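Notes follow once the structure below has been shown.
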Amino acid sequence: METKGGFYITQIKQLQDRIFEQLLQEHNIEISGGQGRILFILWKTDHLTISQISEKTSLAKNTVSAVVDGMVRKGIIERKVNPQNRRQAIVSLTDYAKSLQSRYEQVSQKMNLLFYQGFSQEEQQQFEQYLNRILDTLTGYLRADKDEKSKEVSP
């Protein structure tokens, strides 16, 4: 049996990104999708480390670092040394980033309405449960793979 779930997910992600970027521009929000993912996490819990943001967004740490660097240069967020661990940086929202939250949430709501157009509430819940199962499976696979590799390296 041929399955196309991964192919569909990839296509949906690409189209969703394009439409979301277009909606952000229409609402005069000048941030990229990656920046939006980081802001979304920080709006929920401000003052996080790069590792925490990476874990919550499923973005690689080096990707988060690069995106955060650009956001710091634009004055969207700030990065300060963690007083408890000087090797760690804490990423925080600026007043500008806080001012974007309500407009960004409006765009997100518009995207959600488009995304689930024609779905019943039950279908939405079922769909998200299936996606969550796939996410759990893939996350578990990566953790197991990482654990296995660390065993191979350990003396």
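Since we're looking at a predicted model, the values are computed, not measured. Heads up: numbering here begins at 1 and tracks the sequence.
A donor-acceptor pair under 3.5 Å is formed between the side chain of Thr137 and the backbone N or O of Arg133. Ser54 contributes a side-chain N or O that, together with a main-chain N or O of Leu59, makes up a donor-acceptor pair within less than 3.5 Å. Within the 3.5 Å criterion, the main-chain N or O of His27 finds a donor-acceptor partner in the side chain of Arg103. The closest donor-acceptor contact from the side chain of Ser65 to the backbone of Asn62 lies at 3.5 Å or more, if one exists at all.
In the hydrophobic clustering of ILVMFWY residues, with side-chain heavy atoms under 4.5 Å counting as a link, Ile41 and Tyr96 come out together. The hydrophobic clustering, which links ILVMFWY residues whose side-chain heavy atoms are closer than 4.5 Å, places Leu24 and Leu114 together. Linking ILVMFWY side-chain heavy atoms closer than 4.5 Å, directly or via other members, places Leu131 and Phe115 in a single hydrophobic cluster. Transitive grouping of hydrophobic side chains (ILVMFWY, heavy atoms separated by less than 4.5 Å) keeps Leu138 and Leu135 in distinct clusters. A continuous path of ILVMFWY side-chain contacts below 4.5 Å connects Ile12 to Phe119, so both sit in one hydrophobic cluster.
With values rounded to the nearest 0.5 angstrom, Thr49 atom OG1 is found 9.5 Å from Asn85 atom CG. In this structure, Leu23 CG and Gln109 CD are separated by 12.0 Å, a value rounded to the nearest 0.5 Å. A distance of 8.0 Å separates CG in Leu93 from CD1 in Ile77, rounded to the nearest 0.5 Å. Distance check: Leu42 CG to Lys56 NZ gives 10.0 Å after rounding to the nearest 0.5 Å. Within the model, atoms NZ of Lys110 and CZ of Phe20 stand 11.5 Å from one another, a figure rounded to the nearest 0.5 Å. Rounding to the nearest 0.5 Å places CD1 of Ile9 at 4.5 Å from CD1 of Ile134.
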- Message: Applying side chain to side chain contact (heavy atoms under 4.5 Å, CB included) to Glu105 and Gln101, what does each step give before you reach the verdict?
- Response: CA-CA 6 Å; Glu105 287 173 354; Gln101 186 174 1; 2.9 Å; yes
- Message: Glu128 vs Gln124, test: side chain to side chain donor-acceptor pair (under 3.5 Å). Steps then yes/no.
- Response: CA-CA 6 Å; Glu128 289 192 359; Gln124 288 178 38; over 6 Å; no
- Query: Stepwise, does the side chain to side chain contact (heavy atoms under 4.5 Å, CB included) test hold for Thr57 with Phe40?
  - Reply: CA-CA 9 Å; Thr57 60; Phe40 182 77; over 6 Å; no
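Scanning both residues, Thr94 and Glu78, for their nearest heavy atoms gives CG2-N, 4.0 Å.
Counting heavy-atom neighbours within 6.0 Å of Glu122 CD, excluding the residue itself, gives a total of 12 or less. Within a 6.0 Å radius of CD in Glu123, other residues, nucleotides and ligands contribute more than 12 heavy atoms. Atom CD of Glu30 has 12 or fewer heavy atoms from other residues, nucleotides or ligands within 6.0 Å.
Applying the side chain to side chain donor-acceptor pair (under 3.5 Å) criterion to Lys98, with sequence neighbours excluded, gives no partner residue.
The side-chain hydrogen bond (donor to acceptor under 3.5 Å, both in side chains) contacts involving residues 36-47 comprise His47-Ser92, where partners must be two or more places apart or lie in separate chains.
For the pair Ile90 and Leu48, the minimum side-chain heavy-atom distance is 4.5 Å or more. A 4.5 Å side-chain heavy-atom check between Met71 and Leu39 finds at least one atom pair inside the cut-off.
Evaluated for a side chain to side chain contact (heavy atoms under 4.5 Å, CB included) with Lys13, the options Asp17, Leu15, Thr10 yield exactly one hit, Asp17.
Taking the six-membered ring where the residue is Trp, Phe127 and Tyr116 present perpendicular rings, their angle passing 60° and hence far from 30°.
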